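Computed from a predicted structure; not experimentally measured.
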Amino acid sequence: MKHCANQDCENLVRHGVIAEFFDIIDVCPDCGTHLSPGEAPRPEPPTFHELQTIYQAADGIQAHLVKAALEEAGIPVHISGEALMGAVGELPATLLQVEVQVPPEFAVRAREIALQCEIGHEDGGATGNDPT
């Protein structure tokens with residue numbers, strides 16, 4: 001087995017994978033680079049981030065307001081428990097928590113933004129900003 005080690009190879013650019021070939025082929029047909037022996041190196045698998053709950057919303061609307069503010073700040077966000085709201089009559093109220101979750105490296109900043117949203121919500125606005 002051989003592979004094309006050229007990082008600019010058309011096959012890699014087009015398909016996102018390093019091309020592999022049988023041993024009888026010596027040159028990559030896509031870019032003309034001499035092939036390297038052995039299988040192509042495998043990409044590192046994506047790492048899993050344990051999400052941290054940074055905010056417990058009273059309902060899905062409140063959770064989505066916080067989510068929108070976090071996304072605007074460039075913070076990846078996930079809402080957990082929203083699907084359970086449809087079972088409101090079937091489940092105890094203590095289980096019906098809509099949680100806003102983020103990767104740990106964004107938790108501190110995300111909590112600050114969520115707090116600003118909550119203060120703005122209590123003041124009657126969508127954010128902590130006073131339009132006047």
Return the set of residues passing side-chain hydrogen bond (donor to acceptor under 3.5 Å, both in side chains) with T33 (not counting sequence neighbours), or none when no residue passes.
N6
Mind listing the closest non-hydrogen atom pair of P103 and P76 along with its distance?
CD-O, 3.4 Å
Are I75 and V100 connected, step by step, through hydrophobic side chains (Ile, Leu, Val, Met, Phe, Trp, Tyr) whose heavy atoms are closer than 4.5 Å?
yes
Identify the heavy atoms of F106 and G74 that sit nearest to each other, and give their distance.
CE2-O, 4.4 Å
In Å, rounded to the nearest 0.5 Å, how long is the span from CZ of F22 to CE of M1?
6.5 Å
Given side-chain hydrogen bond (donor to acceptor under 3.5 Å, both in side chains), test Y55 with Q101 step by step and report yes or no.
CA-CA 7 Å; Y55 188 76; Q101 301 175 326; over 6 Å; no
Are the side chain of D30 and the backbone of C9 linked by a donor-acceptor contact shorter than 3.5 Å?
no
Contact summary for I113 and A73, nearest pair of heavy atoms
CD1-CB, 3.5 Å
Can you check whether C31 reaches C4 side chain to side chain, under 4.5 Å on heavy atoms?
yes
With a 6.0 Å cut-off (strictly less than), is the heavy-atom count around NE2 of H34, excluding the residue itself, greater than 12?
no
Are the side chain of N11 and the backbone N or O of V17 linked by a donor-acceptor pair below 3.5 Å?
yes
State plainly whether the residues E99 and K67 are in salt-bridge range, i.e. N to O under 4.0 Å.
no
Would you mind reporting whether L70 and I54 have side-chain heavy atoms less than 4.5 Å apart?
yes
Flag side-chain contact, heavy atom, 4.5 Å: C28 against L35
yes
Between V98 and D59, does the side chain to side chain contact (heavy atoms under 4.5 Å, CB included) criterion hold? Intermediate values first, please.
CA-CA 6 Å; V98 181; D59 55 38; 5.8 Å; no
Rounded distance [0.5 Å steps], CD1 in I18 versus CZ in R42
8.5 Å
So, for Q52 and P104, which heavy atoms are closest and what is the spacing to 0.1 Å?
NE2-CB, 3.6 Å
With side chain to side chain contact (heavy atoms under 4.5 Å, CB included) as the test, pick out the partner of E39 among E20, K2, H3.
E20
Tell me if a side-chain donor or acceptor on E118 pairs with a main-chain N or O of A114 at a distance below 3.5 Å.
no
Among residues two or more places apart or on two chains, list those pairs meeting salt bridge (Lys or Arg N to Asp or Glu O under 4.0 Å) that have a residue in residues 101-117.
R109-E112
Could you tell me which residues satisfy side-chain hydrogen bond (donor to acceptor under 3.5 Å, both in side chains) with H78, sequence neighbours excluded, listed by chain and number?
none
